[in-house]
Amino acid sequence: MINKCQVGVITLFPEMFSAITDYGVSGRAVRDGLLELQFWNPRDFTEDKHRSVDDRPYGGGPGMLIPAAIAAAKQALGADTTVVYLSPQGQKLVHQGVQQLANHERLILIAGRYEGIDERVIKQHVDVEVSIGDYVLSGGELPAMVLIDAMARLVPGVLGHQDSANEDSFASGLLDCPHYTRPEVLDGEQVPAVLLSGNHDNIRRWRLQQSLGRTWLRRPELLNDLALTVEQEALLSEFKSQYQA
Ligand SMILES: NC(=O)c1ccc(N[C@@H]2CC[C@@H](O)C2)nc1
């Protein structure tokens with residue numbers, strides 16, 4: 001378990017990252033020093049007076065800006081820092097991958113723009129290529145923020161105890177159970193009585209059964225990778241027997 005998340009980001013648009021540094025749980029993690037972001041902008045490594053960064057595909061143009069930025073980032077974070085490139089060609093990011101990357105404690109993320117980065121740079125400088133999903137975005141910044149947010153939540157002290165309970169459900173490979181707040185009756189629908197019973201073990205079992213049932217209904221393939229406990233098997237088969245579509 002790491003005790004902080006240190007990330008260097010190579011990006012033309014560092015200001016975009018205010019979306020995670022200035023708000024909510026991730027913003028508090030930055031203020032508490034549990035999440036530390038540093039930025040390197042390829043534009044700062046240009047030598048032409050126009051500071052041009054969008055090289056024509058092998059059409060000559062600026063020198064290799066990304067490797068220069070990686071070198072500067074490694075100077076600050078350490079030569080052994082893991083380099084991650086966000087792209088649709090990467091390995092699909094799921095909770096386990098977030099945990100593995102979070103364990104590196106220090107990472108450099110490359111957020112590309114335009115057509116992407118030179119394949120030789122990937123071969124020579126990138127340790128792992130990661131995709132947040134099968135769709136193309138105009139830049140790697142949003143995927144980088146998704147990865148950073150997910151990793152920060154795994155650092156002790158970032159989440160309150162309730163949120164970390166939610167985290168546990170995903171860590172267990174199950175979808176989260178339904179959640180309810182006030183009022184007790186909304187549009188004629190009651191909050192499930194067990195949640196008002198004060199019986200904590202019944203509430204735990206109900207939530208676990210709901211997570212199992214939802215996973216079975218919405219993402220059955222996730223159950224294939226899980227070794228369910230005796231209690232979980234019993235709760236799921238009870239859910240199935242009571243289920244009417
Ligand atoms: N699915 C994803 O994680 C993803 C990552 C990056 C991306 N776009 C960038 C722009 C140019 C190139 O660097 C790749 N789109 C989708």
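Order of listing sets the numbers, starting from 1, for every ligand and every atom in it.
Phe17 and Phe39 have tilted rings, their planes meeting at an angle from 30° to 60° on a 0 to 90° scale.
Counting heavy atoms under 4.0 Å from ligand 1, residue Tyr85 touches it through the side chain alone. In Pro143, the part holding a heavy atom less than 4.0 Å from any atom of ligand 1 is the side chain.
For ligand 1, the polar-atom distance check finds an N/O of Tyr135 within less than 3.5 Å of one of the ligand's N/O atoms. Checking only distances, Val130 never comes within under 3.5 Å of ligand 1, N or O to N or O. Between Ile132 and ligand 1, an N or O atom pair is found at a separation short of 3.5 Å.
Gln124 CD to Glu119 CD: the interatomic distance, rounded to the nearest 0.5 Å, is 10.5 Å. Atom CG of Leu196 is separated from atom CD of Gln190 by 8.0 Å, given to the nearest 0.5 angstrom.
Looking only at protein heavy atoms, the nearest one to atom 15 (N) of ligand 1 is Leu137 N, 2.9 Å. Among all protein heavy atoms, the one lying closest to atom 11 (C) of ligand 1 is Tyr114 O, 3.4 Å.
Judged by distance alone, the side chain of Ser131 and the main-chain N or O of Gln89 form no donor-acceptor pair under 3.5 Å.
Using a 4.5 Å heavy-atom threshold, the side chains of Arg113 and Asp54 count as separate. Residues Ile148 and Leu109 have side chains in contact (heavy-atom distance under 4.5 Å, counting atoms from C-beta outward).
For Asn224, the CG atom is densely surrounded, since the number of other residues' heavy atoms within 6.0 Å is greater than 12. For Arg182, the CZ atom sits in a loose shell: 12 or fewer heavy atoms of surrounding residues, nucleotides or ligands are nearer than 6.0 Å.
Close approach to Gly116 involves these atoms of ligand 1, each under 4.0 Å from a residue heavy atom: 11 (C), 12 (C), 13 (O). In summary, the atoms of ligand 1 found under 4.0 Å from a heavy atom of Gly133, numbered by their order in the structure, are 1 (N). Atoms of ligand 1 found under 4.0 Å from any heavy atom of Ser131 (numbered from 1 in listed order, with element): 1 (N), 2 (C), 3 (O).
Taking a 4.0 Å cut-off on heavy atoms, Leu86 registers as neighbouring ligand 1.
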